[in-house]
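The block underneath contains the structure these notes are about, expressed in structure tokens.
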Amino acid sequence: MPELPEVEVLVRHLRPQLRNKIIRAVQVKRPRVLRPTSPQRLQRALRGSKFIAVSRRGKYLLFQLQPPGKAAPRLLVGHLGMTGRMYLAPSQNPLPKHAAVVLSLGSDNFIFEDTRYFGRFTLDVRAIQKLGPEPLSEEFSAEDFAQALKRCEQSIKIKLLDQSLVAGIGNIYASEALFRAGIGPRTKARRLNFEQVQQLWGAIREVIAEAIRFGSTVPLSYAGTGWEDGLFYFGSVGDGRGFYQERLQVYDRANLPCVVCGNGIKRFVQAGRSTFYCPHCQRRKTAKTGLD
DNA sequence: CACCATGTTCCTTG
DNA sequence: CCAAGGAACATGGT
């Protein structure tokens, strides 16, 4: 369930629950998600350690751990992949079918479950060192963004998925940001003029900030049996009649009317992934008035 | 059976 | 060496 907003909401949810908790035991059910860390090394590093901070970088969760004694703090890095979830559940509960890693914290277990096992739970920090700026931070400026896009031959939609350009945008919010900026997803990144880059820069920040705000209002129970299981990003939240449809304006809306102009939303495939857009609102050289 | 899915990484091709 | 495209990873939903 993971793009930056979903991870941010999860981090805020977990932070107070994990703070000062001590890891008593480490169960690795799917060693693949640790790669390249070995189960033995993870167990040795984590057992007895205390959670002292929980944060986020891009789509990665960062758990700062204090080992027993005077050892230096350690960083545990998590990533939800496509289907990962992390939550606390009572220790007496049965483990879910796709539990990948389980940390015993006493009366609760901290569970990382992931149906497809694309996620990560590792001591390897190399991935986070390659990330671009946080989109909501001061580090992310329209000027730098424009500079970076200048030499890119790729279409802007594909470029937005490049985590070294700006961290945390995924397939959903890439389509959403381009729609809001009125820019066609096929446009070559280098062909955007500075005004368009500014529009896109603002749209990225708005779309992400709004999603975090939305997610923060959703009641969460990551223990996960009902519909309110934290998958607020799309589809799974609400009464089954499309609570989310008012939130996402183009993603997964192929053939449905554009919320702005009423024309049909189109779907096509770029780099093997679905892109959704409105051919009318996202034409070339669209000057958005903001009044529609 | 077919095709689709929120992500990243590796391999091939140019 | 770099860029771009595709496959792989693994499981489930429709």
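By convention in this document, chain letters (A, B, ...) are assigned in the order of the sequence lines, proteins followed by strands, and residues within each chain are numbered from 1.
Nearest to the side-chain atoms of A:Glu3 among the listed nucleotides B:dG7, B:dA5, C:dT11 stands B:dG7. Each of B:dT8, B:dG7, C:dA4 was ranked by its minimum atom distance to the side chain of A:Gln154; first place goes to C:dA4. With C:dA10, B:dA5, C:dT11 as the candidates, the nucleotide lying closest to the side chain of A:Ser274 is B:dA5. With B:dG7, B:dC4, B:dT9 as the choices, the nucleotide that has an atom nearest any side-chain atom of A:Arg120 turns out to be B:dT9. Proximity note for A:Glu153 (side chain, C-beta onward) versus C:dA4, C:dT11, B:dG7: the nearest is C:dA4. Picking from C:dG12, B:dT8, C:dA4 the nucleotide with the shortest atom distance to the side chain of A:Arg273 gives B:dT8. Candidate nucleotides B:dT9, B:dA5, C:dA10 were compared by shortest atom distance to the side chain of A:Arg267, and B:dA5 ranks first.
Spacing between C:dC1 and B:dT8 at atom P, rounded to whole Å, works out to 25 Å.
Between the side chains of A:Gln17 and A:Tyr87, no donor-acceptor pair of N or O atoms lies under 3.5 Å.
The base of C:dA10 lies outside donor-acceptor range of the side chain of A:Arg32, with no N or O pair under 3.5 Å.
At a threshold of 4.0 angstrom between heavy atoms, the contacts of A:Arg151 with the nucleic acid are absent. Contacts of A:Lys97 with the nucleic acid, taken as non-hydrogen atoms under 4.0 Å apart, involve only primed sugar atoms and P, OP1 or OP2. Nucleic acid contact for A:Gly170: sugar-phosphate only, since backbone atoms but no base atoms lie under 4.0 Å from a heavy atom of the residue.
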Worked verdict on A:Leu80 versus A:Met86 for side-chain contact (heavy atoms from CB on, under 4.5 Å): CA-CA 8 Å; A:Leu80 298 171; A:Met86 294 186 189; 4.0 Å; yes
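Pairing partner, B:dA2: C:dT14, with both Watson-Crick or wobble hydrogen-bond distances short of 3.5 Å.
In this structure, A:Arg190 atom CZ and C:dA4 atom P are separated by 10 Å, rounded to whole Å. The distance from atom CZ of A:Arg35 to atom C1' of B:dG7 is 11 Å, rounded to the nearest whole Å.
Using a 5.5 Å limit on the distance between ring centres and a 30° limit on the angle between planes, the aromatic ring of A:Phe118 counts as stacked on the six-membered base ring of C:dC9.
Of the inter-residue distances, the one linking A:Leu65 atom CG with A:Ile23 atom CD1 reads 5.0 Å to the nearest 0.5 angstrom. Distance check, rounded to the nearest 0.5 Å: NE2 of A:His79 to CG of A:Asp114 gives 10.5 Å.
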Between N or O atoms, less than 3.5 Å apart, protein on one side and nucleotides 10-12 of chain B on the other: list the pairs.
none

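Each of A:Leu4, A:Val207, A:Leu160 was scored for a side-chain contact (heavy atoms from CB on, under 4.5 Å) with A:Ile169, with one residue passing: A:Leu160.
Apart from A:Leu62 itself, the hydrophobic cluster it occupies contains A:Tyr60, A:Leu75, A:Val77, A:Val125, A:Ile128, A:Leu131, where clustering links Ile, Leu, Val, Met, Phe, Trp and Tyr at side-chain heavy-atom distances under 4.5 Å.
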